[in-house]
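Notes to accompany the following structure.
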Amino acid sequence: MVNERETVILWFKRDLRTNDHGPLASLANFPGTVIPLYVVEPEYWKQNDCSSMQWHFLRDSLRELNNELIKYGLPLVYRFGKATEVFEDIANRCNLKSVIAHEETGNEWTYKRDIEVKKWAENRNVIFKEHPTNGVFRKLNSRDGWKGKRARRMSKNLHEKPTKFGYRSNLEPGEIPITPIKFKNQNFTGNLKGGSVAAHEVLKSFIADRHKGYSKSISSPLTAEVHSSRLSAHLTWGTISSREIVHRIKAVRDHAHENPKLVNKGDLAAFCSRLAWRCHFIQKLEDQPSIEHACMHGAFEEVRPKHGNQNMLKAWSVGSTGFPMVDACMRFLKQNGWINFRMRAMLTSFASYNLWLDWREFGPHLARSFIDYEPGIHFSQLQMQSGVTGINTWRIYNPVKQSVDNDPEGIFIRRWVPELKNVQLNHIHEPWKMDVCTQKNNKCIIGEDYPEPIIDHQTSSREARLKLGQVAKSDGYAETKKKVLTKHGSRSSRRRSGKRNEPSKQLDLLKMDQIKNISKKH
Ligand SMILES: Cc1cc2nc3c(=O)[nH]c(=O)nc-3n(C[C@H](O)[C@H](O)[C@H](O)COP(=O)(O)OP(=O)(O)OC[C@H]3O[C@@H](n4cnc5c(N)ncnc54)[C@H](O)[C@@H]3O)c2cc1C
């Protein structure tokens with residue numbers, strides 16, 4: 001039976017909250033029927049960047065969103081299948097006028113899905129309205145002035161939660177499936193709880209205490225676990241909006257003088273700059289969706305083989321490279337679905353420079369391991385940390401130095417690589433240097449209990465630099481680099497003064513940075 005009252009679908013995607021939710025707020029006192037909808041799309045979950053850990057977090061979040069919506073008398077309607085088919089089915093049962101949702105900067109699959117939805121809506125005479133998300137702008141002509149635009153958007157008032165937003169439809173709510181597909185690692189759940197309540201608790205504890213020491217603690221996986229915000233998965237799945245976080249932090253900073261001991265303004269400022277990076281990186285994918293598959297600087301397209309050494313890829317992905325810090329980080333990540341930025345960068349650097357693997361080959365493994373998998377950040381960072389953007393320094397992390405700097409006592413290594421738990425501190429970072437007698441005494445035979453290093457770090461780093469250096473000398477390299485910089489480069493305030501804003505000048509500065517940094521020890 002067709003329900004004649006005007007109907008709107010409120011399509012939830014990666015915005016699983018009711019606070020600061022533009023589409024929801026736009027329906028305040030809507031006189032028609034509202035169908036809050038979530039479509040579980042099995043084809044999406046079959047993509048090689050999706051995983052059971054992400055699904056578990058999402059499922060928690062959906063359950064909680066449903067509880068929130070029930071308070072309005074409008075339970076979340078779950079449907080399983082292809083979005084356009086779900087919309088068609090609903091349109092056949094009611095007087096559907098529009099579908100409203102947030103803009104999504106997702107992977108190629110969701111990008112194409114949204115185009116299909118747009119086409120379907122046009123053919124069906126249904127309005128498809130998308131509201132902007134965070135500081136990411138659709139159809140942006142130029143990066144000039146982006147920072148100010150973002151700041152203005154972030155400082156706008158939060159969307160108010162409506163007290164009422166429409167009538168319930170007569171559709172069956174449906175049930176959220178246990179799993180959308182049979183995942184390979186079905187039991188991997190990670191250790192993060194989804195949902196807006198958890199998001200606000202995490203933010204609260206960060207503001208109350210954990211933020212103190214943020215800047216100096218985010219490099220080590222031991223301290224970052226506590227002192228970094230741990231909000232990334234919540235931001236990815238939209239259980240909290242970044243605007244809400246920015247507003248909360250601003251309020252705390254504005255009142256810091258009332259209780260200066262409770263607040264570290266510098267640490268909060270450093271955190272806010274990371275939130276800005278978030279938008280900056282997602283904007284890159286929004287402006288150029290092809291960076292999911294193509295190097296930002298085309299000259300690097302074939303520098304690495306499409307199919308690299310599979311034994312090395314396997315060893316890296318299971319945490320069995322013979323480099324204790326690399327292995328500890330990979331195992332920690334696989335168990336928790338999260339690791340800090342520095343260690344993500346080290347894992348990427350090791351795979352791309354030392355193992356000479358293409359970012360497109362090993363990237364999906366990382367994406368699946370991240371509960372916070374956010375395509376815009378992910379692809380930009382993968383490319384940046386693999387040295388294929390043309391505009392970023394080639395930063396080859398030395399896993400031994402990272403180990404000594406960030407786990408000086410070997411606590412993290414012993415916890416995550418138990419094969420090394422009896423190894424004395426003076427050997428924990430480079431166990432392959434133990435002689436046979438020491439190996440026996442330390443109950444760790446290299447090559448039996450724990451692998452020998454799969455590569456020589458110095459040699460592979462040198463070779464990587466040489467190969468990339470050759471590419472950087474190729475014809476047309478500088479022109480393309482200029483274009484990449486103009487399209488994606490940040491117009492940071494440091495470079496904004498006077499003539500330094502000119503791309504060519506910036507390029508010179510970058511070149512100098514690059515030369516200086518190539519020999520820097522990471
Ligand atoms: C190869 C690689 C892949 C990455 N993939 C992702 C990803 O898929 N999803 C993701 O959210 N982050 C990704 N990052 C960025 C970063 O590692 C995580 O955002 C951060 O570790 C999340 O922990 P946190 O929330 O405690 O971070 P905090 O340090 O507390 O930062 C606050 C927020 O700022 C944003 N942020 C922090 N660092 C960065 C950064 N370098 N670039 C852009 N935004 C940043 C995140 O949204 C984060 O939640 C990646 C980094 C690398 C090197």
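When a ligand or atom number is given, it counts from 1 through the structure's own listing order. Along the sequence shown, residues are numbered consecutively beginning with 1.
Here the protein heavy atom with the shortest distance to atom 30 (O) of ligand 1 is S229 OG, 2.6 Å. With hydrogens left out, the protein atom closest to atom 9 (N) of ligand 1 is D372 O, 2.9 Å, a heavy atom. Here the protein heavy atom with the shortest distance to atom 32 (C) of ligand 1 is F271 CE1, 3.4 Å. Given atom 15 (C) of ligand 1, the protein heavy atom at minimum distance is I377 CG2, 3.8 Å. With respect to atom 2 (C) of ligand 1, the closest heavy atom belonging to the protein is Q381 CB, 3.5 Å. For atom 33 (C) of ligand 1, the closest non-hydrogen atom of the protein is L275 CD2, 3.9 Å. Among all non-hydrogen protein atoms, the one lying nearest atom 47 (O) of ligand 1 is R278 CD, 3.4 Å. For atom 21 (O) of ligand 1, the nearest non-hydrogen atom of the protein is F341 N, 3.3 Å.
Under the 4.5 Å side-chain criterion, counting only non-hydrogen atoms from C-beta, Q54 is in contact with W237. With contacts defined as side-chain heavy-atom distances shorter than 4.5 Å, the pair L158/N19 does not qualify.
Looking at ligand 1, you'll find an N or O of L231 within less than 3.5 Å of one of its N or O atoms. The distance criterion of under 3.5 Å between nitrogen or oxygen atoms is met by S232 with respect to ligand 1. Taking any N or O of T348, backbone or side chain, none lies under 3.5 Å from an N or O belonging to ligand 1.
Of the candidates F370, Y373, Y214, F379, the one placing a heavy atom closest to atom 29 (O) of ligand 1 is Y214. Counting heavy atoms only, R344 comes closest to atom 13 (C) of ligand 1 of the residues Q385, R344, E374, M346. In the candidate list R274, R342, H378, H211, H378 is nearest to atom 3 (C) of ligand 1, counting heavy atoms.
Salt bridge absent: R414 and E409 never bring a charged side-chain N and a carboxylate O closer than 4.0 Å. Of the charged side-chain nitrogens involved, none lies within less than 4.0 Å of a carboxylate oxygen, so that E201 and K204 do not count as a salt-bridged pair. Ion pairing of D287 with K284 is absent here, as no side-chain N (NZ or NE/NH1/NH2) approaches a carboxylate O to less than 4.0 Å.
A heavy-atom separation below 4.0 Å is not found between F206 and ligand 1.
Ligand 1 places these atoms under 4.0 Å from at least one heavy atom of N340: 21 (O). Near F281, meaning under 4.0 Å from any of its heavy atoms, are these atoms of ligand 1: 42 (N), 43 (C). Ligand-side atoms of ligand 1 in range of L235: 47 (O), 49 (O), range being under 4.0 angstrom from any heavy atom. Atom numbering of ligand 1 starts at 1 in the shown order; those under 4.0 Å from a heavy atom of A345 are 53 (C). Short contacts between ligand 1 and R230, defined as distances under 4.0 Å to a heavy atom of the residue, involve ligand atoms 24 (P), 25 (O), 26 (O).
Side chains of S205 and R210: a donor-acceptor N/O pair is present below 3.5 angstrom, by distance only. Side chains of N134 and S242: a donor-acceptor N/O pair is present below 3.5 angstrom, by distance only. Side chains of Q385 and R395: a donor-acceptor N/O pair is absent below 3.5 angstrom, by distance only.
Between H211 and F206, the angle of the ring planes goes over 60°, which puts this pair in the perpendicular group of the 30/60° scheme.
Looking at F350, F323, F362, W356 one by one, the single match for ring-ring contact (aromatic ring centres under 6.0 Å, His included) with W316 turns out to be F362. Between V417 and the choices M330, M325, R331, the side-chain contact (heavy atoms from CB on, under 4.5 Å) rule is met once, by R331.
Aromatic ring centroids of Y397 and Y353 lie 6.0 Å or more apart. Checked against the 6.0 Å centroid threshold, F300 and Y477 count as a close aromatic pair.
Of all the heavy atoms of I339, the ones lying under 4.0 Å from any atom of ligand 1 belong exclusively to the backbone.
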